Amino acid sequence: MEEDRSEPLSPEARVIKIFEECNYEVQQAVGLEQGSTDRFATPRSGFIRPRTYFRVLPRSPEDMDSTLTELESARVARKADRAIAIVMSGRLPGGYAPDLVGRTSNVLTFRRWLLEVSGIADDARQQAYRHEREREPMYLPRRGRLNDGTEVRLEPFIETWIDSQNRPMLVIEGPPNSGKYTALMHAIGRAAVRFSQDPEKASPLLDISYTSKDAISRLALDAGAVVPVIGQPSRLRAESMQEQRWRCLLRAGEDDALDLPPRGIDVVRVSLVPPSSDEITSWFRERLGSPELAGRLARARAENDSFRSLSDALPHLRHMVSAVESTAPMESPASIDAWVAAVVVAYANALELQARPPPPLKTELRDELPRQLEDLALEQFATGLRRSDRFSVPGGMWLRYPMDPLLTWLDNARSAFKNPLLRDFYMARKIAREIKSGNSEILLRYQFPPFVFLFLALVAPEVSAQVTQGRVAQLDEKVRSEVERKLQLTFAHLLNRPVGMVRARLREIRDGIGRERVTSLARSFEQIEEELRFIQSLADRTRLWETAPDEPIEEVAVRPVIEEIGRELRARYPAVMLVVDVEASVRVRAMRDALREVMQCLMENAFHAAMVDASDRAPCVRAVTRQIGAVIRIEVRDSGGGVPPEDWQRVFEPLVTTKRGGAGKPRGTGLGLPIARRYAEHMHGQVGLDETASETCFYVDLVAWSGGV
């Protein structure tokens, strides 16, 4: 079967095809000269639709003045709004430059006409305007390392590459957030400026990854009118590309697999060299102008690693400059941290504003992502998680508006904040939202970092005033607790001293009296030993109360811990029945030894209560687990007499006990439940008393182990 070979288009047919692809209607009419035809092109849309008379010339005319005069006469005679002659090959003669604004008739090269009629030239002029107005002053010049290790200045290197006749494929590489996108946009902007200054010689860079003019861009690429840019390697692999399209500027990450180009096309890789901290500091000093602001910034970068990370973010340098400048009216802050907080608030708000969708979108959806970030910040802090499987970008948002600026500071899975300052900023907004809705208890559940309260004072001053009043009381309580802790530590040391000495004296007494006398005093010796065990237990518990657990949080199976403690307690309380209703699969995020101490406190209390208060039913202790959302609740229930309502909160205070021994004397140390609560809080959990249960029920809530996080 004979291969299908389409005939190449004539110059006139090629021009007509491009006009039509660019949404023009092309008409032919009988010409003024006998047997000739005239061609006109008119936009199909738009408020103003100029009718253009056009001719196609094989090459540039030798006498440009007479050609322009004859073209203008033809335009007037044919009642057209403008006239152009399109030169299919060669350059225009020196000294002539088209005037698309002042003249109604012009001669254009095919390349120039294609860029103008397609709108690519207008886009480039807009890019040039934005570049000179916004990007140029806020761009940090970059360095790149070539294949052979040579370092080059990136911007001049790209411009030399654009002007090359047989340019290779140029790949700009770098890790995530290294500023590849910013460098690429800067290169596009600089190329646009060069084109707007000399459109006959300079070529604009056209990003063909996201263009809405796909057919037009193909025409421009086929004609060599533009230099292609590809912002994502997947686009390069997704379509068959003509040879000239492989000679492009490509932005690639370290992990992007790059297919080899066709034979004969070289590839030059330029790896971005991270600017040094001194280079960035110097750049800020030049842009800020104010020595005072530059000095504060340099000090903050030197003293706060998280702030230095924020101000090192190359894609957002202009936001950081604006944020720093916004603090200029401030009086000298009381601390550099207060100034850092003010800068971070302005910086985060700028990123969020850039990421917000256009106004037609519903307010609820516009606020959805910020609210999710607030929830994520608190979850990340409260649970100590490095990431969260429950966080996801709200559905459809990627299609509605770009959120890359806002999400730069989440990890690659977009499930945790990488920078503590932004985490604390969103946590402060979460606190403000909760307090405004009436949930002031959030302040008592966590020990928030200092920056949270600095941010709170800036984002919600009225809430901060409420918090400050509460914090004064909390500070007073903290001082009291610290004094109490020191006293208890000393108390434990003093308690331990006489126990060993008294036991030694008892042995001497036993050895010094006869067997009959020892037998008759057995009860007295047992009572003394009981008192010594109580003192020893009080000393041990006091030491535990003073010492905070210091272990890694890991996956811990609950049932083995309960069974081990149960065996020990059953040996001491053989009359008490233990029922363990815990699945072997239940696992929590906990410190192994700390969880054992918590369960020891709760279960020992339950065994003692069941034994002492047993009446007409057999003493029994039940350990039960149930899942509440992402939390595992471990309940310890006993058949004892229960806790009086007036003691429901007091039992968690140090040295308060409801246990009674002989003659009604207190026999508990009053530290078991406070220790359990303190240790649970160190595991980001909580201990409580279920006041609604039909039997005495103490519980500990811990985060369920899920997916290895």
Side-chain angles (χ1 to χ4, degrees), residues 7-29 31-33 36-43 50-78 80-125 162-163 165 191 194-204 206 213 215-227 244:
E7 292 293 329
L9 295 175
S10 67
E12 290 80 4
R14 190 179 179 192
V15 169
I16 291 172
K17 178 182 178 182
I18 292 174
F19 261 127
E20 291 175 341
E21 290 286 357
C22 295
N23 202 29
Y24 278 75
E25 181 182 0
V26 178
Q27 298 173 334
Q28 284 187 283
L32 298 182
E33 292 78 18
S36 66
T37 57
D38 295 327
R39 297 181 179 88
F40 302 89
T42 307
R51 185 167 178 261
T52 301
Y53 166 72
F54 67 91
R55 293 179 180 176
V56 177
L57 306 179
R59 64 188 61 84
S60 179
E62 296 181 1
D63 188 346
M64 185 62 69
D65 290 337
S66 61
T67 299
L68 287 172
T69 300
E70 194 276 331
L71 191 62
E72 176 66 12
S73 298
R75 180 194 72 81
V76 173
R78 290 159 175 81
D81 297 295
R82 60 187 182 186
I84 56 172
I86 304 168
V87 176
M88 299 303 293
S89 64
R91 292 183 177 275
L92 300 179
Y96 169 74
D99 183 358
L100 302 181
V101 177
R103 295 196 193 106
T104 53
S105 297
N106 280 281
V107 178
L108 301 175
T109 61
F110 174 77
R111 170 185 168 277
R112 174 73 182 279
W113 165 77
L114 174 58
L115 292 175
E116 296 291 346
V117 75
S118 66
I120 294 176
D122 286 337
D123 290 345
R125 293 185 188 100
I162 293 173
D163 295 338
Q165 292 297 319
R194 295 175 71 211
F195 173 79
S196 64
Q197 293 171 345
D198 191 355
E200 297 301 326
K201 295 181 180 179
S203 297
L206 179 64
K213 303 176 181 178
I216 298 172
S217 65
R218 288 176 186 273
L219 294 171
L221 289 167
D222 292 343
V226 297
V227 178
Q244 70 268 21

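Predicted model, so just to flag it, every value in this text is computed and none were measured.
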Quiz item: Any side-chain heavy atom of Thr104 within less than 4.5 Å of one from Asp81?
Solution: no

Self-check item: Ser60 side chain near Pro93 side chain, heavy-atom distance below 4.5 Å
Solution: yes

Quiz prompt | Check: Ala85 main-chain N/O paired with Arg55 side-chain donor or acceptor under 3.5 Å | solution = no

Practice problem: Specify the closest pair of heavy atoms between Arg59 and Val87, including all atoms of both residues, with the distance to one decimal. | Solution: C-CG1, 3.3 Å

Practice problem: Using the test side-chain contact (heavy atoms from CB on, under 4.5 Å), find all partners of Asp63 that sit at least two apart in sequence or belong to another chain. | Solution: Asp65, Ser66

Quiz item: Got a second to check how far Leu115's CG is from Glu200's CD, nearest 0.5 Å?
Solution: 9.5 Å

Exercise. Locate the shortest heavy-atom distance separating Arg103 from Ala97; write the atom from each residue and the value.
Key: NH1-O, 3.2 Å

Exercise. With rounding to the nearest 0.5 Å, note down the distance linking CD in Glu116 to CZ in Arg111.
Key: 10.0 Å

Quiz item: Where the side chain of Ser105 meets the backbone of Thr69, is there a donor-acceptor pair that is under 3.5 Å apart?
Solution: no

Quiz item: Do Pro58 and Ser89 have side chains that get closer than 4.5 Å, going by heavy atoms?
Solution: no

Quiz item: Would you find a donor on one side and an acceptor on the other, under 3.5 Å apart, between the side chain of Asn106 and the backbone of Asp99?
Solution: yes

Quiz item: For Leu114 and Ala220, which heavy atoms make the closest approach, and how far apart are they?
Solution: CD2-CA, 3.7 Å

Exercise. Please lay out, stage by stage, how Phe40 and Phe19 fare under the test side chain to side chain contact (heavy atoms under 4.5 Å, CB included).
Key: CA-CA 10 Å; Phe40 302 89; Phe19 261 127; over 6 Å; no

Quiz item: Of the non-hydrogen atoms in Pro43 and Pro50, which two are nearest, and what is the gap between them?
Solution: CD-O, 3.2 Å

Self-check item: Side chain proximity check, Val15 to Met88, heavy atoms < 4.5 angstrom
Solution: yes

Quiz item: When you check the side-chain N and O atoms of Arg82 and Thr52, is any donor under 3.5 Å from an acceptor?
Solution: yes

Quiz item: Under 3.5 Å, is there a donor-acceptor pair between the side chain of Tyr96 and the main chain of Val107?
Solution: yes

Practice problem: To the nearest 0.5 angstrom, please state how far the CZ atom of Arg51 sits from the CZ atom of Arg75. | Solution: 11.5 Å

Quiz item: Does a side-chain N-to-carboxylate-O contact under 4.0 Å join Glu20 and Lys17?
Solution: no

Quiz prompt | Point-to-point distance, once rounded to the nearest 0.5 Å, from CG of Leu206 to CG of Asp123 | solution = 8.5 Å

Practice problem: Check Thr67 against Pro61 and note the closest heavy-atom contact, atom names and distance. | Solution: OG1-CB, 3.3 Å

Practice problem: Could you walk me through whether Ile18 and Phe110 pass side chain to side chain contact (heavy atoms under 4.5 Å, CB included), step by step? | Solution: CA-CA 11 Å; Ile18 292 174; Phe110 174 77; 3.4 Å; yes

Quiz prompt | Stepwise side chain to side chain contact (heavy atoms under 4.5 Å, CB included) test for Lys201 and Arg91 | solution = CA-CA 10 Å; Lys201 295 181 180 179; Arg91 292 183 177 275; 4.1 Å; yes

Quiz item: Would Leu100 and Leu108 satisfy side chain to side chain contact (heavy atoms under 4.5 Å, CB included), going step by step from the backbone distance to the final call?
Solution: CA-CA 10 Å; Leu100 302 181; Leu108 301 175; 4.0 Å; yes

Quiz prompt | Straight-line distance of Asp122 CG to Ser196 OG, nearest 0.5 Å | solution = 12.0 Å

Quiz prompt | Shortest non-hydrogen contact from Ser203 toward Ile162 | solution = O-CG2, 4.1 Å

Quiz item: Do the non-hydrogen side-chain atoms of Ser118 and Leu219 ever get within less than 4.5 Å of each other?
Solution: no

Exercise. Output the distance between atom CD (Gln27) and atom OH (Tyr53), rounded to the nearest 0.5 Å.
Key: 14.5 Å

